[in-house]
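Numbered from 1 within each chain, the chains take letters A, B, ... in sequence-line order.
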There are 2 protein chains.
Amino acid sequence: MKTTVGVPLDIVGYLKGMKIKPSLIRVKVLDYLIHKRNHPTADMIFKALAGEIPTLSKTSVYNTLKSFVLAGVAQEIKIENTEVRYDVFTNVHGHFKCTVCGSVEDLKLDAYNITSDDLEGKKITEHHVYVLGFCSNCNKKKNKKNI
Amino acid sequence: MKTTVGVPLDIVGYLKGMKIKPSLIRVKVLDYLIHKRNHPTADMIFKALAGEIPTLSKTSVYNTLKSFVLAGVAQEIKIENTEVRYDVFTNVHGHFKCTVCGSVEDLKLDAYNITSDDLEGKKITEHHVYVLGFCSNCNKKKNKKNI
DNA sequence: GTTATAAATTGTAATGATTACAAAAATGAA
DNA sequence: TTCATTTTTGTAATCATTACAATTTATAAC
């Protein structure tokens with residue numbers, strides 16, 4: 001029997017459970033998000049799927065992602081103002097973006113809290129944390145140069 | 001004798017100290033940021049200053065803001081992908097944006113920490129926290145409607 | 001003060017991600 | 001099959017931001 005670690009094996013069933021009709025495009029996009037785990041832009045998804053779905057339009061990718069966000073299947077990650085990235089793991093976690101190579105990673109937040117008197121009277125619906133810097137790879141390269 | 005609470009009274013002197021030549025536009029933009037405290041977009045600043053500086057161009061506002069960010073005088077706040085907002089207070093704090101009225105406020109972080117095994121090997125240069133929800137005003141209005 | 005040089009400012013055009021919208025295709029129920 | 005609904009597509013619009021070249025202003029040397 002197969003096992004899994006927090007990733008829905010049955011993407012069609014998962015989408016149905018989220019009240020999203022599992023069209024080919026939607027299944028492919030969700031499959032991409034889940035298995036690539038690379039926090040892609042809409043354009044990255046489009047380019048990756050255009051091969052297997054020759055008639056795919058970019059608008060469809062945008063539509064699909066919008067419906068995912070609306071249904072809580074995916075979330076938008078806004079770090080740069082020039083691009084929105086997408087993530088399927090919607091539990092509370094942060095994101096790290098490398099300012100050199102542009103890669104985005106999840107950040108499991110072992111300890112994380114925001115407390116502030118300024119929140120008095122407000123109703124919080126979302127909170128986001130993102131960190132910028134050099135990823136392990138780019139940091140290594142940088143250090144070599146400085147020897 | 002005058003007193004102040006963390007806001008530079010002498011904007012010209014402050015800019016000089018930050019190695020930025022205090023041209024009229026730069027002084028006006030910084031003055032606006034400091035005294036309005038409204039986390040404006042470039043366009044909001046442009047509209048506000050176009051009256052007193054009739055020849056002002058939007059490009060100049062963008063140039064000015066870019067030089068401020070570069071010098072560490074201001075920071076960019078990226079919550080929506082459709083706009084960049086600016087803040088002059090560069091100590092560590094978060095931001096709150098009301099999803100109803102769009103206002104942005106500072107969030108003094110009484111307790112705030114990010115710890116994560118995922119940060120191993122990385123070099124962090126910036127970290128950002130933003131919270132979305134209903135501001136006090138919009139929250140009150142919402143509650144009244146639901147009585 | 002004039003002149004030369006650099007810096008600041010401006011206006012216009014380009015960029016590029018996202019959205020609007022209407023037509024075409026696919027789906028599903030009667 | 002037929003009709004209505006949903007999905008998908010392609011093109012055009014939007015809009016913040018940037019690129020860039022021209023103009024203006026400031027600065028310093030003479």
Could you tell me how far apart A/Lys16 (NZ) and D/dT6 (C1') are, to the nearest whole angstrom? 16 Å

From CD1 of B/Ile53 over to P of C/dA8, roughly how many Å is that when rounded to an integer? 15 Å

I need a per-nucleotide contact map over nucleotides 16-26 of chain C, read 5' to 3'. Cutoff is protein heavy atoms under 4.0 Å; write B for the base, S for backbone only, - otherwise. -SBBBB-----

My understanding is that a hydrophobic cluster links ILVMFWY residues whose side chain heavy atoms are under 4.5 Å apart, including indirect links. Using that, what else belongs to the cluster containing A/Phe134? A/Val100

To the nearest Å, how far apart are A/Ile20 CD1 and D/dT7 C1'? 13 Å

Phosphate oxygens OP1/OP2 of C/dT9: is one of them under 4.0 Å from a side-chain N or O of B/Ser23? yes

Is there any protein nitrogen or oxygen under 3.5 Å from a nitrogen or oxygen in nucleotides 27-30 of chain C, and what are the pairs?
none

Under a 4.0 Å heavy-atom cut-off, which of residues 96-104 of chain B touch DNA chain C? none

Residues pairing under salt bridge (Lys or Arg N to Asp or Glu O under 4.0 Å) where one sits in residues 58-72 of chain B, two or more places apart or in two chains, turn out to be B/Asp43-B/Lys58

Salt bridge (Lys or Arg N to Asp or Glu O under 4.0 Å) partners of residues 85-104 of chain B, not counting sequence neighbours, each pair once: B/Glu80-B/Lys97, B/Glu83-B/Arg85, B/Glu83-B/Lys97

Let me confirm one number: the CD1-CG distance from A/Ile25 to A/Leu30, rounded to the nearest 0.5 Å. 13.5 Å

Roughly, in whole Å, what's the span from CZ in A/Arg26 to C1' in D/dT9? 14 Å

Of A/Ser60 and B/Glu76, whose nearest nucleotide on DNA chain D comes first from the 5' end? A/Ser60

Rounded to whole Å, the CD1-C1' distance (B/Ile77 to D/dT17) equals 17 Å

Spacing of B/Phe46 atom CZ relative to C/dG11 atom C1', expressed in whole Å: 11 Å

Under the salt bridge (Lys or Arg N to Asp or Glu O under 4.0 Å) rule, what pairs show up with a residue in residues 120-138 of chain A, not counting sequence neighbours? A/Lys122-B/Glu105

Write down the distance between CE (B/Met44) and C1' (D/dT17), rounded to a whole number of angstrom. 17 Å

Answer whether the closest heavy-atom distance between the side chains of A/Leu49 and A/Val29 falls below 4.5 Å. yes

Which residues pass the ring-ring contact (aromatic ring centres under 6.0 Å, His included) test with B/Tyr130, not counting sequence neighbours? A/His128

Any residue meeting ring-ring contact (aromatic ring centres under 6.0 Å, His included) with B/His95, in chain and number order, not counting sequence neighbours: B/His39, B/His93

Tell me who clusters with A/Val104, hydrophobic residues only, linked when side chains sit under 4.5 Å apart either directly or through other members. none

Within less than 4.0 Å of OP1 or OP2 of D/dT9, is there a side-chain N or O belonging to A/Ser57? yes

Distance in angstrom units between B/Ile25 CD1 and C/dT9 P, rounded: 4 Å

Which pairs with one or both residues in residues 18-33 of chain A pass salt bridge (Lys or Arg N to Asp or Glu O under 4.0 Å), sequence neighbours excluded? A/Lys28-A/Glu52

Apart from A/Tyr62 itself, what residues make up its hydrophobic cluster, given side-chain heavy atom links below 4.5 Å? none

